[in-house]
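The chains referred to below are lettered A, B, ... by the order of the sequence lines, with proteins before strands, and numbering in each begins at 1. Any value given below was found using the heavy atoms of this structure, including those in side chains, with hydrogens, waters and symmetry copies removed.
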Number of protein chains: 2
Amino acid sequence: MNRSRTTVVDIAHAAGVSKSTVSLVLQGSPLVNEKTREKVNSVIADLGYVYNRGAANLRQSRSKIVGIVVNDLTNSFFAELAVGMDMVVQSAGYVQFLAHSGESVDRQREVIASMRENGIAGLILSPARGTEAADLKPLIDSGIPVVIVVRNLPGAKVSTLLSDNYTGAKAAVRHLISLGHSRIGFMGGFLDTAVFAERLRGYRDALQEAGLAVDEALIIHSAPSRAGGVAAVERMMLLADRATAALCLNDAVAFGVCDGLRSVGIEPGKGFGVIGFDDVIEAKTAVPALTTVSVDPQGMGQRAAQLLLKQINAGGSEQESLVTSVRLVVRQSCGAPVKNNHLEKMA
Amino acid sequence: MNRSRTTVVDIAHAAGVSKSTVSLVLQGSPLVNEKTREKVNSVIADLGYVYNRGAANLRQSRSKIVGIVVNDLTNSFFAELAVGMDMVVQSAGYVQFLAHSGESVDRQREVIASMRENGIAGLILSPARGTEAADLKPLIDSGIPVVIVVRNLPGAKVSTLLSDNYTGAKAAVRHLISLGHSRIGFMGGFLDTAVFAERLRGYRDALQEAGLAVDEALIIHSAPSRAGGVAAVERMMLLADRATAALCLNDAVAFGVCDGLRSVGIEPGKGFGVIGFDDVIEAKTAVPALTTVSVDPQGMGQRAAQLLLKQINAGGSEQESLVTSVRLVVRQSCGAPVKNNHLEKMA
DNA sequence: CGATATAATTGGAACGTTCCAAATTTGTCA
DNA sequence: TGACAAATTTGGAACGTTCCAATTATATCG
């Protein structure tokens, strides 16, 4: 393998033009004559030239790379979010560094540093638990656009894309109340994320609005995962005065709650109303189909990526904060009668 | 923002040394005096210098970037695979381009081309359906190490890391037979992937070995997803002579099969034995807990990444093909009695 | 046809690093 | 102290592109 990489100069030489002309062709400039463009392009194909974007980045001091850091890729909500981003990033001619912080702020710091060294044009971050606004300061000061998604990061001067957790949770609890429930639990999650706080607030307000007391014993903390949902049910079973329905922090918890209920002989959607949050792809096909607050993670990923790209192109760093609206999707797990579930299953 | 990026030259100037010395410090060379090293490092910290890896890559004509392309990130098997890779890639000081091909060979071609332009040091690919060995030819010829994972790509001269699909499927079916089943189905998947072919072969051989006839009607093709599993059950219900148990192409299908069974009033693990494949993270906590062939996707991702890094460092492109062994994890969904499921649930 | 406008092309200097060969400083020993 | 070795430092040329100003070819017009 002693033949070194073919470069613009090689192309230029073979096509009988200057490297500047080749560069113009590469950039699709209208300045170059149609004849020579064809010539150059054919030589490029012949020699199997591959463009060195790194060299271009160096000269132009900007890149076509965006960084994406999510806190937990194994959670399908985030996986879908990532896929949504991937779609718009790719079709805008960018590539993405995608990293998984696993809820570790240290890891998160490392990968962001590494991405900076590699010259990202912008960053989309779903912050790990415990991330501080100050952690992003150097990045932002250096003029790199940042978009925060899913979890709020109060105090950070960046664009943000969140879902309307408060309204969604409120709507879900209202629905349970309208079905006749009065002892409604809130399951999953810990105090340290903004998402948790917002959804819990929606839960509280919906209860108060209906004149129902909030029983703190029915707010059951647990890991925001399927296993956490199972654990939450186990803890609820120890209570004397149990709930008859619950809003769960997210769909993963909700599935876990269904599992947990079954293993104590309660059929979710019959003996107990369960509502999730996120509308993960499996929510629709699960049995019972999960009533949940739909956030459309892929769509949200797309919007986040669009927001970032807009910001990269604008150059100006005017921050923008969007709240995407959510809607309650009523399926079986809440116990509501549903006319024709086949319609939705097939959708 | 008129102050441009600080560079080694700025550091050198501020520290009263030459840029070469700064470069040496940056690389941790033992040639430089301890005193000056400290001086330089402190200046680096003061000025908030960020290393430009792109420029270094240009000069050295090698990079610390690996490309990872998976066919479906929304499938949690692949998401976990990606997380496993991420772990070793990150701790080796590399970053990863991670892209999702969505089973489209066109998309796959595009992202691989884009990654090449961006100068990846190696590629890990879980090929989209329909990928040909020839598609990778140019990449391989250019001397970039490639590791194929999960799905075989016959004819490609690259390293490969597959799981032992044949043996795993065989073991699963043997287990069902030992539980007394004689009409065993195979659900999910299409003919066009090597994975499907291998698992199906294991299924066939296990049946024949036991002297049981293979009924083609019980091999039910469907999308390799949860929805596909539901559909497979619906189709099976139309048969006169139904199966009493099934091996599913993967866990996603198996979950769908459980859903489908429930919606026709059959309890998975009781009236019907279900075995999955992959041992996705939820398999353990699902109800009933899924009996499945464990592939340890994270571990597999780690091994794949290690294999790639080894190959990058060796330079020499001697290909290596590994088959990771699998083991049957017996839980509830197959109907086998399990002593103490709490032990495993808590693990 | 000469003059001028327009289209197309082109050298060379950047971009921020690494690496080599060469230069300089420091240490050691007779 | 002088000679030599070892340790440390250093210019400058690369890497493959883009961009600017300047040049050359081609078209247009009176």
Side-chain angles (χ1 to χ4, degrees), chain A residues 2-41 43-44 47-65 93 114 116-121 142, chain B residues 2-41 43-44 47-65 93 114 116-121 142:
Chain A
N2 62 0
R3 54 166 180 150
S4 56
R5 195 194 241 284
T6 48
T7 83
V8 275
V9 184
D10 302 324
I11 304 294
H13 191 252
V17 296
S18 79
K19 61 180 166 39
S20 303
T21 305
V22 176
S23 174
L24 257 9
V25 171
L26 252 20
Q27 302 170 71
S29 161
L31 292 180
V32 35
N33 184 291
E34 199 48 45
K35 251 349 200 343
T36 56
R37 178 192 309 281
E38 280 168 19
K39 175 70 185 158
V40 169
N41 277 329
V43 173
I44 285 179
L47 300 194
Y49 165 75
V50 359
Y51 182 71
N52 184 335
R53 209 167 281 276
N57 292 345
L58 176 57
R59 175 62 229 247
Q60 308 184 127
S61 55
R62 72 191 136 88
S63 81
K64 287 279 214 172
I65 305 175
S114 167
R116 261 188 99 182
E117 293 186 350
N118 281 280
I120 52 174
S142 74
Chain B
N2 63 0
R3 55 168 179 151
S4 56
R5 195 194 241 284
T6 49
T7 81
V8 274
V9 184
D10 302 323
I11 304 295
H13 191 250
V17 295
S18 78
K19 61 178 167 41
S20 304
T21 305
V22 177
S23 174
L24 256 12
V25 172
L26 253 19
Q27 302 169 70
S29 161
L31 292 180
V32 36
N33 183 292
E34 199 50 44
K35 251 351 199 344
T36 55
R37 179 192 307 280
E38 281 168 19
K39 174 73 185 155
V40 169
N41 277 329
V43 172
I44 285 179
L47 300 194
Y49 165 75
V50 358
Y51 182 71
N52 184 334
R53 208 167 281 275
N57 291 345
L58 177 58
R59 175 61 229 248
Q60 307 183 129
S61 55
R62 69 191 138 88
S63 82
K64 287 278 213 173
I65 305 175
S114 167
R116 262 188 98 183
E117 293 187 349
N118 281 281
I120 52 175
S142 74

Item to check | Arg37(B) and its side-chain contact (heavy atoms from CB on, under 4.5 Å) partner, picked from Thr21(B), Val25(B), Leu24(B) | outcome: Val25(B)

Next on the checklist: Side chains of Val17(B) and Lys39(B), heavy atoms from C-beta outward: is any pair under 4.5 Å?
Outcome noted: no

Checklist outcome for this item: Rounded to the nearest 0.5 Å, the CG atom of Asn57(A) sits from the CG atom of Asn57(B) at a distance of 10.5 Å

Checklist outcome for this item: Protein heavy-atom contacts under 4.0 Å, written 5' to 3' over nucleotides 12-19 of chain C as B (base), S (sugar-phosphate only) or - (none), form the string BBBBBBBB

Checklist entry - CD1 of Ile11(B) to CG of Asn41(B): how many Å apart, nearest 0.5 Å? => result 10.0 Å

Next on the checklist: Is there a side-chain contact between Arg116(B) and Ser142(B) in this structure, where contact means two heavy atoms from C-beta onward sitting under 4.5 Å apart?
Outcome noted: yes

Item to check | Distance, nearest 0.5 Å, that separates CD of Gln27(B) from OH of Tyr51(B) | outcome: 6.5 Å

Checklist entry - Taking five pairs at each end, how big is the angle between the two axes of the helix from dC1(C)-dG30(D) to dA30(C)-dT1(D), to 10°? => result 50°

Item to check | Phosphate contact (dT9(C) OP1 or OP2) by Thr36(A) side-chain N/O below 4.0 Å | outcome: yes

Item to check | Option from Asn118(B), Ile65(B), Asn52(B) for which side-chain contact (heavy atoms from CB on, under 4.5 Å) with Asn118(A) holds | outcome: Ile65(B)

Item to check | Separation of atom NE2 in His13(B) from atom P in dT10(D), rounded to whole Å | outcome: 13 Å

Item to check | Spacing of Leu31(A) atom CG relative to dA25(D) atom P, expressed in whole Å | outcome: 18 Å

Next on the checklist: Just so I know, are the side chains of Ile44(B) and Leu26(B) near enough to count as touching, which here means a heavy-atom distance under 4.5 Å?
Outcome noted: yes

